[in-house]
Structures are given as C-alpha cells and as structure tokens.
Protein chains: 4
Amino acid sequence: MTEKGIRDYFEQTMAADATITPKQRAILQASLDLFAEQGFDHTSTSDIATRAGVAEGTVYRRYKTKNAIREAVVAPIIDNIVPSMAADFSEAELHQSFATLEDFFQAIFSDRLAFVTDNAKELKVVFEMIFFNADSRSALMKRVGPLVVNQIGTVFTDLKQRQLIVDWPNDLIIQTMLSMLVGYFARLVMGFPDTDITRETDFIVMALTKTFTPSAD
Amino acid sequence: MTEKGIRDYFEQTMAADATITPKQRAILQASLDLFAEQGFDHTSTSDIATRAGVAEGTVYRRYKTKNAIREAVVAPIIDNIVPSMAADFSEAELHQSFATLEDFFQAIFSDRLAFVTDNAKELKVVFEMIFFNADSRSALMKRVGPLVVNQIGTVFTDLKQRQLIVDWPNDLIIQTMLSMLVGYFARLVMGFPDTDITRETDFIVMALTKTFTPSAD
Amino acid sequence: MTEKGIRDYFEQTMAADATITPKQRAILQASLDLFAEQGFDHTSTSDIATRAGVAEGTVYRRYKTKNAIREAVVAPIIDNIVPSMAADFSEAELHQSFATLEDFFQAIFSDRLAFVTDNAKELKVVFEMIFFNADSRSALMKRVGPLVVNQIGTVFTDLKQRQLIVDWPNDLIIQTMLSMLVGYFARLVMGFPDTDITRETDFIVMALTKTFTPSAD
Amino acid sequence: MTEKGIRDYFEQTMAADATITPKQRAILQASLDLFAEQGFDHTSTSDIATRAGVAEGTVYRRYKTKNAIREAVVAPIIDNIVPSMAADFSEAELHQSFATLEDFFQAIFSDRLAFVTDNAKELKVVFEMIFFNADSRSALMKRVGPLVVNQIGTVFTDLKQRQLIVDWPNDLIIQTMLSMLVGYFARLVMGFPDTDITRETDFIVMALTKTFTPSAD
DNA sequence: TATGAATGAGATTTCATTCAT
DNA sequence: GATGAATGAAATCTCATTCAT
C-alpha cells in the first residue's frame, strides 16, 4: 500500500483543473514551500511572487486574499488525508489484511509514517494553521474525526472479537497511536538528525503490538 | 511532588527583580497571555499596551523590541523547565523511589502531565517560538537535551540492572515517553474537551509499564 | 564652458532610467527640495509623500529606507561633481587655455562659481551629509580628492614652468582656492542678500592673480 | 592677545552662576560633546543623561526643552565671539598695533585661528544650528555683523589712510579674510590630517599681505 | 533637587490589496 | 491574463517631555 505524496496528489489536482495556469501552479508551489520554511505570517505575498517568478498582482489573480492562498494550499492536503483515513475496511478484508495485531500496526504505521515523511512540509503548514486557529481546528476535526473513529472503530471491533487486541477503550488506543505519529512528526519537523524511518516503524509496531496484545492468561 | 506553575515562578522572578515595575509586570503578563491566545505574530504591541493598561511607549521602555519581550517572557519558562528535568537521581534514591517500573512511570508522568496541564499556555508560547526558528530550537535542545538524556540515562541504567525494564536502546524508550507527553500536550492545546488528567496518567503509566516490562521467560 | 545644473543631470539620469516612474521622480525631487530646505533630519517621509503628491507607502516602494532615498538623491550630485573636476588638462591645451595666470583663475572660477550658484541646493544636501558623517566624508574625499590634486597639479606644473605662478606648495594654493570657493558657497547658502556672481568672480580672480603672481625681481 | 578657549569662558560663566549645580554643568558638557560629535538631531536627551551620568529627568530640571539646552550651550560661544570682535580699535592704538599690514593680519589671524582651533567643537555646534535655521542665522548676523563691519571698518579706514592696504571695498576684503578663516575651519572639522596651525597662519598672513598690499607705483 | 518610569505624538517601515496599463 | 506601481492602514519603534516619588 504505497502512499503517493500529497505533492503528487496536489499536482494531479492542479493538472486536472484546466483553469489553473502554470503560473498559478508556481504560485501555489512557492507558497507551500515558503509557508513550510518560514511560516505563513513571515511569508509576504511579495516573497511568494518572487519565488514563483511572477508579478505580485498575479498572485491575486485567482486567489483574492493571502488566506485564500493558504486554503488552496491546504485543501488538497486535507482532501488527501481524509480519504486515506476513510479506507474501506469491509469485514472480509479485515481478516485477510490483519491476521495479527502486528499486521494491523504494520499496515497502519508503515503507511502513515511514510505519508508523514513524504508530506512533512505540507503537514507543517496544516499544523501551523490549526495550532492557533480554533476555527480551522474544529473544521478539520469535524471532517477527520468521525472517519478516524468510525473506520478504526470497525477494525477494533473486529480485532477485539478475534481477541487480537486488548479490550481497552478505543479512544485510548487511538490516542496512543496518534501520539506515536505526532511524536514522529515532531522529530522530523524539528530536524532531529537520525530519523530512520524503518527503524522507527519497526520499533513503533513492535512496541504497540506488545502494548496492546491481550495478556495470555 | 507538587509542581508549582511556571506562572508562579514567573511572578517570583519578577518580584525578585526590584527593577521590574508593576507596569512592566503587567506588560509581561499581558504579552504571555496574548502570545498564548493569538500567537506572537498576531499580537501587536498596541494589543499588549491595551491589555496591560499602559501607553504603547511604555511597552518599549524596558524591552527595546517586540522580540525582546518574547525573550523576557520565554526565559523564565525555559529556566523553569530545565531544573525540573535535572532532578537528581542518585542511585540510593532510585531503589527507594522506583521499586517497580510502574513507580518510575508514575513518578515521571504524574509530575510531567501536571506540569504540562498547569503550564499549557506558557509551553504553547515556547512551542510557537521553536516551531519555525531553528536557532531557538537548537538553543533549547542544547540546554534541555543533555539533561534529559543524562538524568533519564542514569535511571535506565539502574532499572536495566535490576531487570525492571527491557534492554532496548534508551533513545527509543525516551522517544516513546516524549511522544506520550507531546500527544497529551497536543490534545490539551487543541482543546480536546474530555482531557481527564487522572485517566490519562493512569492509562499512560499502565500502557508504558506493559510496553517496557521485560517479558518473563 | 557653460555648466549644466545638477538638476538637469539629475533629470537626465532619471529619464534615462526607464524603471523610474513619474511618481518616483516626484519623490526624489521632493526629497531633494525638502532636504535642502529643512535638512534631512527635519524632513519626514510623510513630508516627502505630501510634497510629491503620493501615498506614504509609495515613498518606500523603490527605496527601502529613508537613507536610501538620500543616497539616490546624492549619488547623481556626486557623479556630476566628479567629472567636472576631472576635466582633461592636456599640456597642449594648457598653453592655449591659460596664457596668463588670470586666464587660469578666470576659467576655474567663472566655471566653479556658476556651478555652485546653480547647484547650491544640491550641494547643501551633500554638505549636510558629510558634516557629521566621517564615512560619507572619506568616501567623497577618496573619489574627489585625487582628481583635484592630479588635475590641478598638472596645471600647476605647467604654470610654474612658465613662471606664471609662484613656486609655493601646491596644497597651499589649492587650499586658498578652495577657501574662496567655500566662502562663496557659505555666503550663498546663508542667504547673503547681495551675492553678485560677476562681481565676486571678478574680485576673486583679481585677488588670486595678485596673490599668486611671482614677484618681479 | 592670547585667546582663552570658549571652554574656559564657558566654565567661568558657569562657575560664576551659583545656581548652576555640578550636574547641570555635566549636562551642558555632555550636550556640547555629543552635539559636536553626532549633531543635535542625532543626540537624544537620553544620550545626554547617560553621558552626563544623571537621570533623564534631571536634564529637564533647569532647561525646559532640548532646544533650551542647545541655546545654553551656544550662548556663551556667541557671547565670546562677540566681544572679541568688538575689541576697541581706538585710533591711537591702531598705529601702535599695526605698523604694517602684515602686523594687522598677523594679529587677527594668529588670534582667530587659535580661537577656531581651540573651539572647533563649539563652533561646529553653532555652525550646525545656523546652517539650516534662518532665524538663528539672522539673529547671529544681527549681532555679529555690525561689530565686524564697524570695528574692522575703523581699522581699514586707518590702514587705507596710511596707504598700507589697497583701496578696495571693505566687504570684499572682509569676505576674503572670512573665506580663509572658514576654509581653515572646514579643514579642521573635516578632519584633514595635517592641519599645522603655525604653517597655516604664516601662509595666510603672507598671502593676504601680498594680496592687499597696495601696488607700488 | 534628583530620579527614572511613564507618556503619547509622531517617525519609519511593512505589506496585503487594488488597479491602470 | 499578467504586470508591477501605487495605496493606505497598521505595525514597530523613538524620544522629548512630564510627573509622582
């Protein structure tokens, strides 16, 4: 289950939209890069124009405000996170896919860590936005939250029935998984030097498997 | 081991410095609050003056730039984080304090989660500062990093000798602990509604204990 | 040898630079006028904007700081002073041009006094800049000094060979000439009412000729 | 006729005024130094307080405004220039003092160049003030002008009667003398390295004597 | 008298946004 | 559509001056 980067998705989306000119594309690219490098507030529209190699007015041709640019940058990221969260876990599939708890974590984390790694830049922008903006935050939560809870819930129900996972509240398990993910993201973004994705994945999968495997009794 | 809030420390620091007037204190307080609420970049010096009930010029009397204000706000926060990381773990103490692995996690997390809870606002300001500023980041790391590694390292050596903890690399264990802490901080700051600190602490301690207890064989 | 005013040169320079818009031109003109009238420090960018009939932001569009505006104003003035100092005094020309010492002073002073008269405003701005700023001063000296010394030196050598001028050290002669020029400039700028350029020129030429003609013996 | 520096006069004046405290004296000293070093506009009252080693409020104790400080600094300079210009040239004295034209120039210039040398700092402050302030300028002129013209006029009348000086208009002769003085001041203030006062005086006296000695015929 | 914190008016500067070409 | 000059509102910052202690 190789994840394509948001960037690919991003460019696909843009390519699909015939109304987006190459210049607009350059503007969104430059915006993304600069927002990730310096933060939204420290990026001026003039910076964007310069980096994109266009005139300042052009930046405003399609997007009426600087905020609209951020939204245009962030939208595909969100749109890309969502469906991957909403992956269809039909019951038949579950037994096949996740013969063991380790398989489950392996599937989730090899996928998600790769996703985070490939899209650290984009996620940094999203993160900045939701960090100080309660509205963006709740908008995102409203969209992503239920999916996570429902989809993962389905899996958990199955895993619990098969006694492959401990019978602890779902929110606590999800929480732990998200913590590991966020921790990884933090290390990545903060530029920790030795972030070896394979080592990290293997360790996280191993640790979580141990944590959430029901005690033999 | 009740932790005093950074705010108390903050006020102590200011009270100790006879050169800081009530108005300057009000300015630092207002700055801290506003930086936490709106972020540094969305807080104008005029905002600070209004909130502190002083003239705008007064904001600049002691601190020559807006950045200097942030530094004045952040310094005591950092100064407060550091010593709590540097808690003395002498060997004698270790056996007494941490008879079991659970005791260890309990000690660490009941303390740290309370600290994070009490000082979420202050930590948010620090966090914002280091998020896009590699310099601040490495400055903080240089100060905090070695303490964490050394202190925790001492404990781990002891725990490993007594075979209370698995013989995995220290960095991976620390990483996991930090992930849980960061995850908790994230939920708190993002305003998750049902963040029950006792429930969280109990769960984290329990989960980590299970994760890092050596398998009986 | 009619001298064109710095203002003409100034406008030529601007006209030649297609990237300078009429508004930018108005800004530089207004700046020059105001700097000369009130001094640099007593001229606010708001003054400049008002006089130039533009918005205050426009003042900063091309020149990033108020100091950069001064530089843009002063540069063409300096550029204009320099070449006129570097007038080519080839030997052949010398004998023709300066048959007598009076011819020499007449040539120099009718030219220089006219220049100072026409460009008093501009020179005042340069003067203000170098008065308290050792850096600007030495920068100007490095550029202008050698030219004056070399060019005038050539002439002096010739005049001395032909025994048309006393054999005193060049620096003292130059000094005297400059004193007369500076004295004239001071009277002009200080607004002395009866500064009649012809009378002044005639007098200065006459006086200097007498001063520096070798005594018959 | 040895001239005491303005500084001495300055301090005498202050010492004589029992109402001026040592702190006020320090303030005037510091102001003078800073105005001469950096110019009036680039010297803040805070700079003055720091340099004088007093509190900022103290600066305002006696002088109500920054401009009043400048006036207090400048007044003794003016007061010192004026009487020296108004030296009584009674006819009897003239014949004694100035047996030759050279004696006259020697007296004037050895005195005035020494004065300029000793008080370059103070004169720089006066100069800055009158350069851009027409009011200060005309106030000074009204005070100094007539004295110069009358006193020097008396001398000239005498010298002309004795045919020691050419019968040229007084204003042109005065002008030339002032030009030499201003030229010297300029070199001094601009920091020309090799300003040797004896050499300069000797040269100026010699040159002017030659210039203004009536031609033998 | 001396202090120095406080003031507020005004200066410089930035930058998202508009608009004529 | 694209350009980039122009805008003006708002931000940061300075500093002469006041005033309570």
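Note that this is a predicted model, so its numbers are computed, not measured. The sequence lines fix the lettering, A, B, ..., with proteins before strands; numbering per chain opens at 1. Only heavy atoms go into these numbers, but all of them, side chains included; no hydrogens, no water, no symmetry mates.
Near DNA chain F, meaning a heavy atom under 4.0 Å away, the residues from residues 56-66 of chain B are Glu56(B), Gly57(B), Tyr60(B), Lys64(B), Thr65(B), Lys66(B). Listed by residue number, the members of residues 26-42 of chain B with any heavy atom below 4.0 angstrom from DNA chain F form an empty set.
Distances shown here put every side-chain N or O of Ser44(C) at or beyond 4.0 Å from the OP1 or OP2 atom of dG10(E).
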Go through the steps for Ile78(D) and Glu71(D) under the test side-chain contact (heavy atoms from CB on, under 4.5 Å), then give the verdict. CA-CA 10 Å; Ile78(D) 307 284; Glu71(D) 273 155 37; over 6 Å; no
Can Leu28(B) and Tyr63(B) be said to form a side-chain contact (heavy atoms from CB on, under 4.5 Å), step by step? CA-CA 10 Å; Leu28(B) 290 181; Tyr63(B) 307 104; 3.5 Å; yes
Could you walk me through whether Asp47(B) and Thr50(B) satisfy the side-chain hydrogen bond (donor to acceptor under 3.5 Å, both in side chains) test, starting with their C-alpha distance in whole Å, then the side-chain angles of each, then the deciding distance to 0.1 Å, before giving a yes or no? CA-CA 5 Å; Asp47(B) 288 346; Thr50(B) 304; 5.8 Å; no
With side-chain hydrogen bond (donor to acceptor under 3.5 Å, both in side chains) as the criterion, how do Thr19(B) and Asp17(B) come out once you've worked through the C-alpha distance, each side chain's angles and the decisive distance to 0.1 Å? CA-CA 5 Å; Thr19(B) 67; Asp17(B) 185 344; 2.5 Å; yes
Walk me through it: do Ile77(D) and Asn119(D) pass the test side-chain contact (heavy atoms from CB on, under 4.5 Å)? CA-CA 9 Å; Ile77(D) 307 179; Asn119(D) 303 293; over 6 Å; no
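Residue contacts for Thr43(C): at a heavy-atom cut-off of 4.0 Å it reaches the sugar-phosphate backbone alone, with no base atom in range. Thr19(B) comes within contact range of no nucleotide atom at all, as no heavy-atom separation falls under 4.0 Å.
Atom CD1 in Ile69(A) sits about 13 Å away from atom C1' in dC15(E), given to the nearest Å. Taking atom CZ of Arg25(C) as the reference point, atom C1' of dA6(F) lies 17 Å away to the nearest angstrom. One can place CG of Asp47(C) at 14 Å from P of dT13(E), the figure rounded to the nearest angstrom.
For the pair Arg51(D) and Glu37(D), the salt-bridge criterion is met [side-chain N within less than 4.0 Å of a carboxylate O]. A salt bridge does not link Arg70(C) to Asp41(C): none of the charged side-chain nitrogens sits closer than 4.0 Å to a carboxylate oxygen.
In this structure, of dT12(F), dA2(E), dA6(F), it is dA2(E) that holds the atom nearest to the side chain of Gln24(D). The Val54(B) side chain lies nearest to dT7(E) when the options are dT3(E), dT7(E), dT12(E). Which of dT3(E), dC15(E), dT12(E) sits closest to the side chain of Thr45(C) comes down to dT12(E). Each of dT17(E), dT7(F), dT3(E) was ranked by its minimum atom distance to the side chain of Ala55(D); first place goes to dT3(E).
Remark: the backbone N or O of Leu32(A) is not paired with any side-chain donor or acceptor of Glu122(A) at under 3.5 angstrom.
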What would the secondary structure line of DNA chain E be in dot-bracket form, counting Watson-Crick and G-U wobble pairs under 3.5 Å, with [ ] for pairs that cross earlier ones and | for pairs with another strand? .||||||||||||||||||||
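Stacking of Lys66(B) on the aromatic ring of Tyr60(B) is not recorded, the 6.0 Å distance cut-off and the 45° axial limit not both being met. A cation-pi geometry, defined here as NZ or CZ lying under 6.0 Å from the six-membered ring centre and within 45° of its normal, holds between Lys124(C) and Phe131(D).
For Gln38(B) and Thr43(B), the side-chain atoms include at least one donor-acceptor pair closer than 3.5 Å.
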